[in-house]
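A short write-up of the structure that comes next.
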Amino acid sequence: MNAPDLRRRALLLAGGSLTLAFSLAPAWAQGEGGAKGKGKLPGSLEKEPWLDAWIRIDADNAVTVFTGKAELGQGIKTALLQVAAEELQVNPARIRLVTADTARTPNEGYTAGSHSMQDSGTALRHAAAQVRFILAGMAAQRFQVAESAMTLRDGVFEAPDGRRATYGELLAGRQLHLRADGKAPLRPRATHTVSGKPLRRTDIPAKVTGGAAYVQDLRLPGMVHARVVRPPAQAARLESADTDSIAHLPGVLKVVRDGRYLAVIADGEYRAVKAATALARATGWSVPASLPGTKNVPADVRARPAEAMPILERGAAQAGGKTLSATYTRPWQLHASVGPSCAVAQLVDGRYTVWTHSQGVYPLRKALAELLGVEEDTIRCIHVEGSGCYGHNAADDVAADAALLARGYPGRPVRVQWMREEEHAWEPFGPAMLVDVRATLGLDGRIADWEYAVTSPSHNNRPGKAGNLLAATHLARAFTPPPGKPIPQPEGGGDRNAIPYYVLPNARVTHRFQQNAPLRTSALRSLGAYCNVFAIESFMDELALAANADPVAFRLRHLDDPRAIDVVKLAAEKFGWNRGKPGARRGRGFAFARYKNLAAYCALALEVEVARETGFVRIVRAVAAVDCGEVVNPDGVRNQIEGGIIQSASWTLLEQVRFDQRQVQTVDWASYPILRFNQVPQKLEVHLIDRPGQPFLGTGEASQGPAAAALANAVAQAAGVRVRDLPLDRARMRAAK
């Protein structure tokens with residue numbers, strides 16, 4: 001992979017190329033800067049209203065589109081291309097998309113929380129529509145014909161008499177740096193030729209053919225390689241380090257020591273690995289017994305101090321009826337990226353360039369500036385895809401490593417590649433959680449009272465501050481991590497999806513927030529929604545059984561949102577929910593949630609086979625129904641839902657971090673297994689409810705919670721026993737009674 005283009009985005013006409021921003025009136029009629037629109041602008045246009053931040057058209061009619069969101073494997077490059085191509089009426093193959101670059105793209109914060117289409121897709125749709133609208137007016141004026149008399153195909157207007165003008169020709173010599181106003185008419189869905197249709201992912205070919213697809217593949221001229229030697233644990237104290245003996249090893253260019261931070265820089269990757277291994281052997285540490293261990297995670301979570309924060313208080317507590325209560329837990333879990341994190345950084349003439357798979361290049365730049373003691377504008381962060389994760393893994397930490405080591409070895413690009421044991425032991429973890437829930441059934445078979453409390457530490461400690469970067473905590477002048485904070489509702493963190501989407505006239509929900517945790521925590525895909533939906537939807541099944549009601553019918557009894565009802569009914573219908581009971585050792589489960597109670601709707605039916613003698617759980621089939629508003633790329637939506645189901649199955653059946661009183665023990669794939677092919681659903685269907693004209697709803701994290709709950713409900717039916725502590729691994733299933 002070659003180095004990306006390092007030129008800063010031009011703002012004005014230069015060299016025969018024009019970067020555009022438009023309003024509904026010509027720039028020359030509005031004065032400098034254009035007119036401010038009134039009211040809130042759509043999507044990320046509200047934060048970045050200048051359209052030259054989003055779209056560029058060159059004199060040769062080439063089109064470039066900019067987004068502050070990053071491709072993480074979710075297919076957002078393809079979907080955003082479709083949105084822009086549809087409104088511009090340009091062949092998507094002709095559009096170049098530039099993602100997440102602090103020198104070139106809008107600042108859209110993090111690519112997280114299933115916000116890409118909602119924020120960036122909406123902004124690009126309206127920006128592109130405004131570009132097309134003003135260009136149509138310019139073409140009509142040039143041809144002296146009505147706009148309706150012209151045709152537009154692939155960025156070229158044609159008059160009835162055959163005269164033609166490209167976008168680039170219409171804009172020649174004009175400078176139109178104007179604000180968006182969100183008023184341009186969007187193309188009717190019936191006329192769409194690109195959006196709403198399957199389009200092959202632009203990022204897939206290199207990934208499946210062994211091409212240069214990831215930051216791990218990046219090779220720059222003169223690049224050197226580095227490895228970091230970590231402490232055995234965060235609380236470890238450095239007692240000794242024989243750096244002199246390492247400095248003379250073949251290929252070693254520099255040995256770095258700053259407090260507890262140790263690293264080697266070498267002229268080749270294998271030489272860096274060998275030198276780091278030698279340095280680790282030549283280093284002495286003392287490791288205090290400061291961790292609680294994972295022998296009894298639920299008890300540890302319950303024992304830690306927590307602040308009770310009510311997030312729902314509706315009606316009054318009801319007595320009488322049949323009352324049930326239960327406790328559900330999830331363990332510590334990893335992002336477990338198959339490709340360990342990597343970054344490249346270079347310092348030249350006082351300016352840093354960092355190639356990173358961070359999900360937030362602008363917040364990372366801010367944290368790096370504090371870490372390095374420099375101004376933000378001396379750092380450029382360029383997103384390059386990483387070989388995988390959704391959530392805050394070690395991408396930002398390895399970027400900090402690369403930047404620190406580039407400072408110590410200026411002039412040449414420094415590549416830092418984490419090792420497997422580093423990734424497993426040092427990435428920010430998905431925290432252990434505990435849910436207590438109690439409900440009373442009325443005589444009418446409905447839930448008369450609901451009480452729910454979720455206990456969890458912070459789920460979001462992404463950079464923005466230097467203290468959020470691992471290396472910063474190991475320096476001689478160490479940075480202190482900022483205290484964890486809860487994410488406010490309605491999105492929430494540990495309490496994401498803790499408020500049920502069902503009609504519950506009397507309900508109380510509490511977030512028991514823990515500011516401190518024994519390990520570093522941050523965002524793992526869907527945050528607290530995974531555990532909360534698992535708990536709520538498992539308990540809904542238990543309540544349905546107590547009410548002698550079918551689980552699907554019981555849910556429908558408590559829903560009043562027509563779109564929610566539609567996905568529940570569709571999933572049940574496509575699964576064949578009422579076709580009779582499954583065979584021996586088999587069970588069926590159902591679950592529903594609307595992600596964050598404001599994003600995509602997802603209902604899921606699932607069938608499993610459980611071998612109690614071995615504890616092995618096999619997913620026979622899964623059927624999902626999804627409503628994510630207007631669908632841009634149906635294949636992309638299905639990819640996300642399918643991937644979420646499989647990832648959730650891995651969490652639910654297998655994954656848990658273990659640590660003793662001194663350090664993390666699950667540092668490889670043997671100690672931290674993930675889902676294998678023999679546990680992937682044999683059959684997996686995703687059915688979409690398209691809502692043309694409705695807003696885009698975040699989809700990437702919609703299926704994780706429902707998948708966990710449907711799986712747990714199916715296992716409970718097949719095994720004849722309800723297991724409320726995750727994961728449902730072989731040992732736990734064999735011991736279940």
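- Under the side-chain hydrogen bond (donor to acceptor under 3.5 Å, both in side chains) criterion, Glu491 pairs with His115, Lys596, not counting sequence neighbours.
- Scanning all heavy atoms of the two residues, the minimum distance from Ala206 to Ala212 falls at CB-O, 4.1 Å.
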- Take Val65 and Leu81 through the side chain to side chain contact (heavy atoms under 4.5 Å, CB included) test and state the conclusion after the steps. CA-CA 8 Å; Val65 169; Leu81 275 176; 5.6 Å; no

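- Under the 3.5 Å distance criterion, the side-chain polar atoms of Glu86 are matched with a main-chain donor or acceptor of Ser195.
- Proximity of a side-chain donor or acceptor of Gln704 to a complementary backbone N or O of Ser648 within less than 3.5 Å is not detected.
- Taking the side chain as every heavy atom from C-beta outward, Phe157 and Arg164 never approach each other to under 4.5 Å.
- Among residues two or more places apart in sequence or in another chain, the salt bridge (Lys or Arg N to Asp or Glu O under 4.0 Å) test is passed with Glu573 by none.
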- Arg462 and Ser522: side chain to side chain contact (heavy atoms under 4.5 Å, CB included), yes or no, with the steps? CA-CA 7 Å; Arg462 294 181 183 273; Ser522 199; 4.1 Å; yes

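- By the side-chain hydrogen bond (donor to acceptor under 3.5 Å, both in side chains) test, Arg132 is found to be paired with Glu87, residues two or more places apart in sequence or in another chain being considered.
- Looking at Thr122 and Val83, their side chains never come closer than 4.5 Å, going by heavy atoms from C-beta outward.
- Asn633 and Thr78 share no side-chain donor-acceptor pair at under 3.5 Å.
- Taking Phe696 as the reference, nothing meets the ring-ring contact (aromatic ring centres under 6.0 Å, His included) condition, with sequence neighbours excluded.
- Using modelled atom types and a 3.5 Å distance limit, the side chains of Asp396 and Ser358 yield a donor-acceptor pair.
- When all heavy atoms of Ala213 and Glu385 are compared, the pair lying nearest together is O-CB, 3.8 Å.
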Please tabulate, for side-chain N and O atoms in residues 618-631, each donor-acceptor pair with protein atoms closer than 3.5 Å (sequence neighbours left out).
from, atom 1, to, atom 2, distance (Å)
Arg618, NH1, Gln682, OE1, 2.6
Arg618, NH2, Glu609, OE1, 3.1
Arg621, NE, Glu607, OE1, 3.1
Arg621, NH1, Phe575, O, 3.0
Arg621, NH2, Phe575, O, 3.2
Asp627, OD1, Arg563, NH2, 2.9
Asp627, OD1, Gly629, N, 3.0
Asp627, OD2, Arg563, NE, 2.7
Asp627, OD2, Arg563, NH2, 3.4
Asp627, OD2, Arg691, NE, 3.0
Glu630, OE1, Gly693, N, 2.8
Glu630, OE2, Arg125, NH2, 2.8

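- A salt bridge links Arg56 and Asp58; the closest N-O separation between the charged side-chain nitrogens and carboxylate oxygens is under 4.0 Å.
- Checked by atom type, the side-chain pair Ser120/Glu108 shows a donor-acceptor distance below 3.5 Å.
- No side-chain donor-acceptor contact under 3.5 Å links Arg179 to the backbone of Pro49.
- Looking only at distances, a side-chain donor or acceptor of His192 sits under 3.5 Å from a matching main-chain atom of Arg187.
- With sequence neighbours excluded, no residue satisfies side-chain hydrogen bond (donor to acceptor under 3.5 Å, both in side chains) with Gln74.
- The backbone N or O of Phe590 sits less than 3.5 Å from a side-chain atom of Asn713, completing a donor-acceptor pair.
- With hydrogens and angles ignored, the 3.5 Å screen pairs no side-chain donor or acceptor of Arg588 with any backbone N or O of Pro582.
- Nearest heavy atom pair, residue Gly493 against residue His459, reads C-CD2, 4.0 Å.
- In terms of modelled atom types and a separation under 3.5 Å, the side chain of Thr102 and the main chain of Cys381 share a donor-acceptor contact.
- Heavy-atom neighbours of Arg94 CZ from other residues, nucleotides or ligands within 6.0 Å: above the threshold of 12.
- Of the possible polar contacts, none joining the Ser114 side chain to the Gly698 backbone as a donor-acceptor pair under 3.5 Å is found.
- A heavy-atom distance below 4.5 Å is not found between the side chains of Leu570 and Val568.
- Taking Glu655 as the reference, Ser650, Tyr672 meet the side-chain hydrogen bond (donor to acceptor under 3.5 Å, both in side chains) condition, with sequence neighbours excluded.
- In this structure, the side chain of Asn91 does not engage the main chain of Asp154 through any donor-acceptor pair within 3.5 Å.
- Counting only heavy atoms from C-beta outward, the side chains of Asn460 and His392 never approach each other to under 4.5 Å.
- Under the salt bridge (charged side-chain N to carboxylate O under 4.0 Å, His left out) criterion, the residue pairs touching residues 192-204 are Arg201-Asp203, Asp203-Lys207, with sequence neighbours excluded.
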- Message: What verdict does the side chain to side chain contact (heavy atoms under 4.5 Å, CB included) test give for Trp50 and Glu48, after you've listed the backbone C-alpha separation in whole Å, the side-chain angles of each residue and the deciding distance to 0.1 Å?
- Response: CA-CA 6 Å; Trp50 298 101; Glu48 178 51 84; 3.6 Å; yes

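- Here Tyr595 pairs with nothing under the ring-ring contact (aromatic ring centres under 6.0 Å, His included) rule; sequence neighbours left out.
- For the salt bridge (Lys or Arg N to Asp or Glu O under 4.0 Å) test, residues two or more places apart in sequence or in another chain that qualify with Asp690 are Arg189.
- For Glu158 (side chain) and Thr151 (main-chain N/O), no donor-acceptor pair under 3.5 Å exists by modelled atom type.
- By the 4.5 Å heavy-atom criterion applied to side chains, Asn497 and Asn597 are counted as neighbours.
- Minimum interatomic distance between Pro185 and Ala129 (heavy atoms only, all atoms of both residues): O-CB, 3.8 Å.
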- Task: Please test Glu642 against Asn639 for side chain to side chain contact (heavy atoms under 4.5 Å, CB included), starting from the C-alpha separation and ending with a verdict.
- Result: CA-CA 5 Å; Glu642 290 167 356; Asn639 291 165; 4.1 Å; yes

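- Of the residues Gln640, Glu701, Gln359, the one that meets the side chain to side chain donor-acceptor pair (under 3.5 Å) test with Tyr390 is Gln640.
- Considering only heavy atoms from C-beta on, Arg594 stays 4.5 Å or farther from Val567 through its side chain.
- For Tyr601, there are no ring-ring contact (aromatic ring centres under 6.0 Å, His included) partners at least two apart in sequence or on another chain.
- Considering only heavy atoms from C-beta on, Val608 comes within 4.5 Å of Leu711 through its side chain.
- For the ring-ring contact (aromatic ring centres under 6.0 Å, His included) test, residues two or more places apart in sequence or in another chain that qualify with Tyr530 are Trp651.
- Checked options Ile134, Ile57, Asn61, Leu135; the residue passing with Leu170 is Leu135 (criterion: side-chain contact (heavy atoms from CB on, under 4.5 Å)).
- Between Tyr214 and Val384 there is no side-chain heavy-atom pair separated by less than 4.5 Å.
- In summary, Glu537 and Arg555 engage in a salt bridge, as defined by a charged side-chain N under 4.0 Å from a carboxylate O.
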